[in-house]
S.K.: 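Quick one: the structure is below, questions incoming.
These values consider heavy atoms only, across backbone and side chains, with no hydrogens, waters or symmetry-generated copies. A quick note: this is a predicted structure, and the numbers were derived from the prediction, not measured.
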Amino acid sequence: MTFSSTQIRVFVLAYLTYLGFFVSRSPYSLVKTTLLKSWEPFNGEDGWLTIGMLDTAFLIAYAMGLFIFGFLCEKLESLYVLVMGCLASGVTTIFYGLADFWDVHSYWYFMMMRIACGFAEATGWPTLIKMMDLYFSKEERLDFIMVAFGSCKFAGTVAGSILSSFCQVFGTDSWGYPFIWCGLVIMTVGVVDFFFLPPTKGQAAETQPLLSDPAQLPKSDTTPKTPSDTGQAETTSDSDTAPTSNTVSSQEAIKDAGEGETKTLNVFLRALQLPGIIDYSIHLFFIKLGVYVIVYWLPAWLETLTIQGTGIDYQLACYLNAVWGLGGVIGTLLLGLIVQKTKLYGVCSFIVSVIAGAVVLVTFWYSGVAGTLMSVFILLILLLGLTQNAPYALSSAGMPSVVNKLTPTEDTKLVGMATGIIDGLGSLGAIFGPFSGTLLLQYSPSQGWYLVFLLVSVSMFVAAAVLIRQVIREIRDARESTS
């Protein structure tokens, strides 16, 4: 399969753009320990809760923003929405970091910055997915390319972690610098997109032939017609007996609105009845629950450890967080290639999710073993990122492929509704995971980290368990196709 230069440009810029969004997210989890130790209002008794609620507020704002900007993308030029989102995300990230230099200790300042950043970053996914949808055919999107695109999230974690660590390498110990540099990255990406990313409106016009040729225009009869010729009865001039055009239009609008709501409800109910939709929805809920706990709390946990007699500091925690992201990139690409060859979405996700649940427990156990080797610990962190993030990418960026496989239909509204149901429940998991981790750390300080990792492990096992029906179905279908 070959791609045009425009398609390559769209893919590369879309990949770098969403990578940039995740670069700007990285400092929030990396500086938590610093804030918990030395920055009011996070260094009090309720420190875990106060800083954890910022993450929850961000994720709720992000989820709400997805609906808002998903709607605006259909009305406005997606490129402009994306560029404004990149700039706004950079500004809010920078202002969060400037609190260090301005000596800001107002909790509501940090809360407002996080909420604003959540809405700003919500512009990324719907706009970029729309661009991928416009510039790549259905067959191309169902190929390896969409799963490969999903690896940008973890590549962004790698880049953001390394960039954040450089702030300390060059002697800048202030916690605000990572936010400033990462904020500048996403703003720069937005400017590049404005000049080099092709617009969606223009592409839509190019792909749909216009009726500019007179031969293509519908022929019209210019001969005047009487009411009887058109099959319409003559109207009377009495306004009391003849309805006005405004009245008719209002009645039709009310009727159309009612029919539209009924159709939407019918599509929703039909989507729920599609085979596998509920299974994959619950699967993504628990996958994102486990992944997002690690995303927001892994660096803080790493800085509590001592490996080979040396305590893990901020800089080393950044590097290990980058290793986790690198594992996600490798796992996503490997699982994408395997699924492309086998088409066994459920089987592959089931196996990797089970392995991920086990790796989570082994990683936590090994971190407390006497004589822990740093090389083995790094390998476990890499394996943790590989096994956790691969099924997550397959179930998010690769979900259109799964839905089209489950529902061989040309009804785009039905496919879109099914994908929306899966993504929506997954977003709830992303909110519930970090919030649960926050509560465990705040109200069970002695067993907090153990319970957090147990929560992550159980969520991965449950994510695998809900796919058992799909595994049986795929194995049965594979046997029938070969027999």
Side-chain angles (χ1 to χ4, degrees), residues 26 29-38 42-43 45 47-49 51-52 55 154 157 161 164-165 168 286-287 289-328 331 352-390 433-464:
S26 298
S29 58
L30 294 170
V31 304
K32 275 182 178 175
T33 299
T34 302
L35 296 177
L36 288 168
K37 289 180 179 179
S38 60
F42 306 112
N43 58 352
E45 295 181 356
W48 294 109
L49 186 61
I51 203 168
D55 297 332
F154 318 118
T157 299
S161 300
S164 297
S165 71
Q168 208 172 61
F286 284 101
I287 284 288
L289 188 158
V291 169
Y292 273 70
V293 170
I294 297 297
V295 166
Y296 285 98
W297 290 111
L298 177 63
W301 172 69
L302 290 172
E303 292 191 54
T304 66
L305 303 179
T306 299
I307 306 294
Q308 289 185 303
T310 303
I312 296 180
D313 58 7
Y314 167 81
Q315 184 179 344
L316 184 54
C318 289
Y319 292 145
L320 290 173
N321 196 58
V323 170
W324 180 84
L326 178 61
V352 179
S353 297
V354 170
I355 297 175
V359 171
V360 169
L361 293 178
V362 172
T363 302
F364 182 78
W365 165 79
Y366 188 73
S367 67
V369 172
T372 301
L373 298 177
M374 179 60 76
S375 58
V376 177
F377 185 70
I378 292 175
L379 182 61
L380 285 173
I381 294 295
L382 180 70
L383 189 60
L384 177 64
L386 188 152
T387 54
Q388 257 202 313
N389 294 323
F435 178 70
S436 300
T438 298
L439 295 180
L440 292 174
L441 292 170
Q442 178 65 46
Y443 296 110
S444 181
S446 60
Q447 298 291 324
W449 288 117
Y450 166 74
L451 295 176
V452 166
F453 274 79
L454 183 62
L455 170 68
V456 175
S457 179
V458 170
S459 69
M460 302 306 292
F461 284 131
V462 174

S.K.: Please examine the side chains of S29 and L298, heavy atoms only from C-beta on, and report whether any two atoms are closer than 4.5 Å.
M.R.: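 Contact flag for L298/S29 side chains = no.
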S.K.: Any side-chain heavy atom of Y366 within less than 4.5 Å of one from V376?
M.R.: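 Side-chain contact under 4.5 Å: yes.
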S.K.: Starting at CG of L30, measure out to OG of S164 and round the result to the nearest 0.5 Å.
M.R.: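 Output value for this atom pair is 5.0 Å.
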S.K.: Any side-chain heavy atom of L383 within less than 4.5 Å of one from I355?
M.R.: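 When only atoms from C-beta onward are counted, I355 and L383 do not touch, as no gap falls below 4.5 Å.
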S.K.: How long is the span from the CD1 atom in I294 to the CH2 atom in W301, to the nearest 0.5 Å?
M.R.: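 Atom-to-atom, I294:CD1 and W301:CH2 are 8.0 Å apart.
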S.K.: To the nearest 0.5 Å, what is the distance between CG (L451) and CG (L441)?
M.R.: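 Here the interatomic distance stands at 9.0 Å.
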S.K.: Does any part of the side chain of I378, heavy atoms only, come nearer than 4.5 Å to the side chain of I381, both counted from C-beta?
M.R.: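 No; the side chains remain at least 4.5 Å from each other.
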S.K.: With heavy-atom distances below 4.5 Å as the criterion, would you say the side chains of W48 and L440 are in contact?
M.R.: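 With C-beta onward as the side chain, the pair stays apart.
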S.K.: Once you round to the nearest 0.5 Å, how far does OG1 of T306 lie from CD1 of I312?
M.R.: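 If I round to the nearest 0.5 Å, the distance is 7.5 Å.
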S.K.: Side chains of F377 and L302: closer than 4.5 Å at any heavy-atom pair?
M.R.: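 Yes, at least one pair of side-chain atoms sits under 4.5 Å.
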S.K.: Rounded to the nearest 0.5 Å, how far apart are CD of Q388 and OG1 of T363?
M.R.: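 Reported value, rounded in 0.5 Å steps: 9.0 Å.
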S.K.: Before you tell me yes or no, could you show the steps for L439 and L49 under side chain to side chain contact (heavy atoms under 4.5 Å, CB included), namely the whole-Å CA-CA distance, both residues' side-chain angles and the distance that decides it to 0.1 Å?
M.R.: CA-CA 7 Å; L439 295 180; L49 186 61; 4.1 Å; yes
S.K.: Which heavy atom of G357 sits nearest to which heavy atom of S457, and what is that distance?
M.R.: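 Of all heavy-atom pairs spanning G357 and S457, the closest is O-OG, 2.8 Å.
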S.K.: Using 0.5 Å steps for rounding, measure from the CG atom of L36 to the CD1 atom of I51.
M.R.: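 If we round to the nearest 0.5 Å, L36:CG and I51:CD1 are 4.5 Å apart.
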S.K.: For W449 and W297, take the angle between the two ring planes, folded into 0 to 90°, and tell me which bin it lands in: parallel under 30, tilted 30 to 60, perpendicular over 60.
M.R.: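 The arrangement is perpendicular - the two ring planes meet at more than 60°.
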S.K.: Could you tell me if the side chain of V458 sits less than 4.5 Å from the side chain of F286, heavy atoms only?
M.R.: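 Contact flag for F286/V458 side chains = no.
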S.K.: Quick one: closest heavy-atom pair of E45 and Q442, and the distance?
M.R.: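 Shortest heavy-atom separation between E45 and Q442 comes out as O-NE2, 3.0 Å.
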S.K.: Which pair of non-hydrogen atoms, one from L380 and one from V359, has the smallest distance, and what is that distance?
M.R.: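 Residues L380 and V359, closest heavy atoms: O-CG1, 4.1 Å.
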S.K.: Side chain to side chain contact (heavy atoms under 4.5 Å, CB included), that's the test. Do S367 and T372 meet it? Break it down for me.
M.R.: CA-CA 7 Å; S367 67; T372 301; 6.0 Å; no
S.K.: Where is the tightest heavy-atom contact between A464 and V354, given as atom of each residue plus distance?
M.R.: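 Scanning both residues completely, I find the closest heavy atoms to be CB-CG2, 3.5 Å.
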S.K.: Of all heavy-atom pairs between L455 and S436, which one has the smallest distance, and what is that distance?
M.R.: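 Shortest heavy-atom separation between L455 and S436 comes out as CD2-CB, 3.8 Å.
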S.K.: Taking C-beta and beyond as the side chain, do E303 and D313 meet within less than 4.5 Å on heavy atoms?
M.R.: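 Contact flag for E303/D313 side chains = no.
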S.K.: Looking only at heavy atoms, what is the nearest atom pair of P434 and Y296, with distance?
M.R.: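 Heavy atoms of P434 and Y296 come nearest at CG-CD1, 3.8 Å.
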